[in-house]
Structures are given as C-alpha cells and as structure tokens.
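Beneath this line is the structure, given in structure tokens, with notes to follow.
Just so we're clear, the structure is a prediction, and the values are computed from it rather than from any experiment.
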Amino acid sequence: MSPILNLAAYRFWPIDHPAELRESLLAKGEALGIKGTILVTPEGLNAFLAGPEPVAREMLTTLRAVPGFAELEAKESWSTDIPFKRFKVKLKREIIRMDHPTIRPVEGRAPAVDAKTLARWLDQGHDDQGQPVVMLDTRNDFEVDFGKFENTIDWRIQKFTQFPQAVQDHLNELQGKTVVSYCTGGIRCEKAAIYMQNLGLNNVLQLEGGILKYFEETDGRHWEGSCFVFDEREALEPSLNATNTKLALPTPS
C-alpha cells in the first residue's frame, strides 16, 4: 500500500469572495478524491488534508494558486491509511475563533522563533540575550494533557476565546521573560502573540510552524508526551508517527 501524505497548512491573507472560493476548492478536491477539511474565511485559509502523495501535492498546488497564497507552507507527516472519512470545505468567520476582530495577523505578525533556535534556547536555559524563556501553551486543556513542552505554562482553558482573559489574569507572571507561545500548527499562537504584544509584553514570540514543525525540524527534545491532532490518528509522537498504530507509518527516508 502506498503511504498517505498528511498536510496541515494555513495562511492569514484576505479573501474577498470566500463563498466563490469555497465552491472552486470543493470541486477540485472532489475531483481529486482528497480527504480532509479546508476552512475558508475572510482572514485566510486553514487546511488539514490527506491522500496519496500525488493527490495531496496537487491539492496543495491548488491552494497555493489562490491569489495571496503562493507562500502557503505545509507541515507533512505520513500514515498507512487516510485519517479522514470525507472531504469538506467550510465557510467560517475566523480561521480560529478569538472574538477579537482587531487582532489581524495579515496586518503584521508578531516575531517568531524557529524550531532549531528554540531547541537551542531550551538546551541552554535562556535566549541569546540571557533572558529566561517561558513556554506558553495556547491550546485547550485536553490537548495539553496529551503532551507539552517541559515546564510549560498551562492555564487550562477550554476554548481559545478564553485565552485573552487568561492573559490579563496572569500578565504579571510574564513580565521580564521571553515568552514563546505555541500551538499545534501555528494558528492560535500567531493570534496569541499579537494579543500579548498589544497588552505591552515586548518580548513575545510565536513558535514558527507550531509543534508539528518543531517535531519535523528537531529530535523533539524538551517535549513530553504526544501532540493531539484533530483526525483519526488521534495524536503524533515527536517522530511524527501516529499513536494510533493502525495508521502509523515510519516517515519515508
């Protein structure tokens, strides 16, 4: 059986006619036989897709052909079976709901730290300026329970709309530190970092590409457990193998 390529991709970029784009992406995906979900919103796209490699890469090419999305990056992992039952393209107001319309990543992202630099900082116990680094998990509590960075800050939120209030309640704890916000693929921590900057925290970074990119580009050190994903694989180990053994497959060399 040919291995299945799983793609996770998002990009904040204005979409003027989301309904029209939804229809064209739906038609293309159905023609290809891809499985998974694409969210189409006025603020951008978010996609979780799976299929045989040629099919998955052609759908990714289709997404990158959307005006403004040529730079869409995808995190890749492999499985023996497709972890989605169907293909859906949904219209939403936000890629991830925060209920803070002034937080617009398309108008300017917060600074980011790449996976390899973060691993080095965690190795040495501080950033390159000697400032302590704290990891802030922006995911929901049940996701954190699957796995997290060592000594992470976890405010036990049940949904992302609770994050802004949680920051305000704990603002003093973050002062004087380099705060690295992280999430599964980068979406939540991108909005979270901007929100914290707006509150006056000047040394806030987002983990570029989220946990999945960290797994892809490092050996997963400083991570405890697995990473929950919203499909039938349930969670991924730092090796990017599924914890659901039925769907697990070593990454091809």
Please, which pairs that meet side-chain hydrogen bond (donor to acceptor under 3.5 Å, both in side chains) have at least one residue in residues 101-112, sequence neighbours excluded?
-> Arg104-Glu107, Arg109-Glu190, Arg109-Glu208
Side-chain contact test, heavy atoms from C-beta onward, threshold under 4.5 Å: evaluate it for Thr184 versus Cys227 and give yes or no.
-> yes
Could you list the residues that satisfy ring-ring contact (aromatic ring centres under 6.0 Å, His included) with Trp121, not counting sequence neighbours?
-> none
Any idea which heavy atoms bring Pro83 and Ala50 closest together, and the distance?
-> CD-CB, 3.7 Å
Pairwise distance CG(Asn46) to OG1(Thr37) - rounded to 0.5 angstrom | 9.5 Å
So CZ of Phe87 and NZ of Lys35: to nearest 0.5 Å the spacing works out to 9.5 Å
With sequence neighbours excluded, residues passing side chain to side chain contact (heavy atoms under 4.5 Å, CB included) with Ala235 | Phe146, Ser226, Thr243
Using a 4.5 Å cut-off on heavy atoms from C-beta on, say whether the side chain of Glu232 contacts that of Ser79.
-> no
So how far is it from Phe84 CZ to Phe230 CZ, rounded to the nearest 0.5 Å?
-> 11.0 Å
Looking only at heavy atoms, what is the nearest atom pair of Ala74 and Leu7, with distance?
-> CB-CD2, 4.2 Å
With distance as the sole test, does Lys191 use its side chain to make a donor-acceptor pair with the main-chain N or O of Ile96 at under 3.5 Å?
-> yes
Run the side-chain contact (heavy atoms from CB on, under 4.5 Å) check on Leu118 and Leu205 step by step: do they pass?
-> CA-CA 10 Å; Leu118 176 62; Leu205 304 169; over 6 Å; no
Same apolar cluster: Leu171 and Ile157, side chain cutoff 4.5 Å = yes
Roughly how far, to the nearest 0.5 Å, is the CD atom of Glu76 from the CG atom of Leu212?
-> 11.5 Å
Sorted by chain and residue number, the salt bridge (Lys or Arg N to Asp or Glu O under 4.0 Å) partners of Lys148 (sequence neighbours excluded) come out as Glu224
Glu94 CD to His100 NE2 distance, which is reported to the nearest 0.5 Å | 9.5 Å
Can Arg221 and Asp219 be counted as an ion pair, charged N to O under 4.0 angstrom?
-> yes
Worked verdict on Val229 versus Asn6 for side-chain contact (heavy atoms from CB on, under 4.5 Å) | CA-CA 11 Å; Val229 289; Asn6 298 270; over 6 Å; no
What are the two closest heavy atoms between Phe215 and Glu237, and how far apart are they?
-> CD1-O, 3.4 Å
Give a yes or no on whether Glu71 atom CD has more than 12 heavy-atom contacts from other residues, nucleotides or ligands under 6.0 Å away.
-> no
Can you name the salt bridge (Lys or Arg N to Asp or Glu O under 4.0 Å) partners of Lys90, sequence neighbours left out?
-> none
Is there a path of hydrophobic side-chain contacts, each under 4.5 Å between heavy atoms of I, L, V, M, F, W or Y residues, that connects Val133 with Leu174?
-> no
Starting from the C-alpha separation in whole Å, work towards a yes-or-no answer on salt bridge (Lys or Arg N to Asp or Glu O under 4.0 Å) for Arg156 and Asp145.
-> CA-CA 10 Å; Arg156 311 307 294 170; Asp145 290 340; 3.0 Å; yes
Do other residues, nucleotides or ligands put more than 12 heavy atoms under 6.0 Å from the CH2 atom of Trp13?
-> no
Is there a donor-acceptor contact under 3.5 Å from the side chain of Thr41 to the main chain of Glu43?
-> yes
Can you get from Leu122 to Val113 by hopping between Ile, Leu, Val, Met, Phe, Trp and Tyr side chains that sit under 4.5 Å apart?
-> yes
Does the side-chain contact (heavy atoms from CB on, under 4.5 Å) test come out yes or no for Trp155 and Val167, once each step is laid out?
-> CA-CA 9 Å; Trp155 290 326; Val167 174; 3.6 Å; yes
Around Glu73, counting heavy atoms of other residues, nucleotides and ligands shown, do more than 12 lie under 6.0 Å from its CD?
-> no
Answer yes or no: is there an ion pair linking Lys85 with Asp231, defined by an N-O contact shorter than 4.0 Å?
-> no
Quick one: which residue pairs count as a side-chain hydrogen bond (donor to acceptor under 3.5 Å, both in side chains) with a foot in residues 168-180, not counting sequence neighbours?
-> Asp127-Thr178, Gln131-Thr178, Gln165-Asp169, Gln168-Tyr195, His170-Glu173, Thr178-Asn203
Quick one: closest heavy-atom pair of Gly209 and Lys75, and the distance?
-> O-CE, 3.7 Å
Residues which pass side chain to side chain contact (heavy atoms under 4.5 Å, CB included) with Pro18, listed by chain and number, not counting sequence neighbours | Ile15, Val40, Pro42, Leu91
Please round to the nearest 0.5 Å and tell me the distance separating atom CZ of Phe69 and atom OH of Tyr10.
-> 12.0 Å
For residues 22-31, which residue pairs qualify under salt bridge (charged side-chain N to carboxylate O under 4.0 Å, His left out), counting only residues two or more places apart or in two chains?
-> Lys28-Glu58
Shortest non-hydrogen contact from Ile4 toward Pro52 | CD1-N, 3.9 Å
Where do Met59 and Gly29 come nearest, in terms of heavy atoms and distance?
-> SD-CA, 3.8 Å
Side-chain contact test, heavy atoms from C-beta onward, threshold under 4.5 Å: evaluate it for Val180 versus Met135 and give yes or no.
-> yes
Under 3.5 Å donor-acceptor, Trp223 side chain and Gly225 backbone = yes
With a 4.5 Å limit on heavy-atom distance, are the side chains of Ile38 and Leu63 in contact?
-> yes
Side chain to side chain contact (heavy atoms under 4.5 Å, CB included) with Ala193: which residues, sequence neighbours excluded?
-> Ala110, Ser181, Val204, Gln206
Do Leu26 and Leu45 share a hydrophobic cluster (ILVMFWY, side-chain heavy atoms under 4.5 Å, transitive)?
-> yes
Are the side chains of Ile187 and Phe12 in touch, meaning some heavy atoms are under 4.5 Å apart?
-> yes
Is there side-chain contact between Asn198 and Ile103, with at least one heavy-atom pair below 4.5 Å?
-> yes
Are Val106 and Ile95 co-members of a hydrophobic cluster defined by side-chain heavy atoms under 4.5 Å apart?
-> no
Do the side chains of Phe149 and Leu207 get nearer than 4.5 Å, heavy atoms only?
-> yes
Applied to residues 135-144, the side-chain hydrogen bond (donor to acceptor under 3.5 Å, both in side chains) test, sequence neighbours excluded, yields Asp137-Arg139, Asp137-Tyr182, Asp141-Gln158, Glu143-Arg188
Derivation of the side-chain contact (heavy atoms from CB on, under 4.5 Å) call for Val55 and Leu5 | CA-CA 9 Å; Val55 170; Leu5 176 58; over 6 Å; no
Are side-chain N/O atoms of His222 and Asn151 paired as donor and acceptor at under 3.5 Å?
-> no
Residues that Phe160 engages under ring-ring contact (aromatic ring centres under 6.0 Å, His included), provided they are two or more places apart | Phe163
Got a sec: does the CZ of Arg93 have more than 12 other heavy atoms crowding it under 6.0 Å?
-> no
Who pairs with Arg120 by side chain to side chain contact (heavy atoms under 4.5 Å, CB included), at least two apart in sequence or on another chain?
-> Thr117, Gln124, Asp128
